[in-house]
Amino acid sequence: KLRLDKIFAVKVNRGDMKKFCGDNIKEVEQILTALSSNAKNELAPKITNYIKAGKITNVKMIRLLEKQLGIELMNLV
């Protein structure tokens, strides 16, 4: 096995979702960069719900998510 699953990720798993709530910006950036545009579109509503629920509060993380997903999130904080 070549272990390319992180590089060619199609969807975000639960472990990755937990990382969005943390502080490791570089790791999250790698996850988001590897996603297809369809996967990013599916992820956007989940991220929005996480921010509304107060699960994601790190401003740098929110800015990264805005940039990578192409959506406005700071107005939800």
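Note: hydrogens, waters and symmetry copies are ignored here, and every other heavy atom, side chains too, is used.
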Rounded to the nearest 0.5 angstrom, the OG-CD distance for Ser37 and Glu42 is 10.0 Å
Going from CD on Gln30 to NZ on Lys19, what distance comes out if it is rounded to the nearest 0.5 angstrom? 9.5 Å
Let me have the donor-acceptor pairs involving side chains of residues 43-56, under 3.5 Å, with sequence neighbours excluded, atom names and distances please.
unit_1: Thr48; atom_1: OG1; unit_2: Ala44; atom_2: O; d: 2.9
unit_1: Asn49; atom_1: ND2; unit_2: Pro45; atom_2: O; d: 3.4

With a 4.5 Å cut-off on side-chain heavy atoms, are Phe20 and Leu32 touching? yes
Distance-only donor-acceptor pairs under 3.5 Å for side chains of residues 59-70, two or more places apart:
unit_1: Arg63; atom_1: NH1; unit_2: Glu66; atom_2: OE1; d: 3.2
unit_1: Glu66; atom_1: OE2; unit_2: Leu73; atom_2: N; d: 2.7
unit_1: Glu66; atom_1: OE2; unit_2: Met74; atom_2: N; d: 2.9

Considering residues at least two apart in sequence or located in another chain, which fulfil the side-chain hydrogen bond (donor to acceptor under 3.5 Å, both in side chains) criterion with Asn75? none
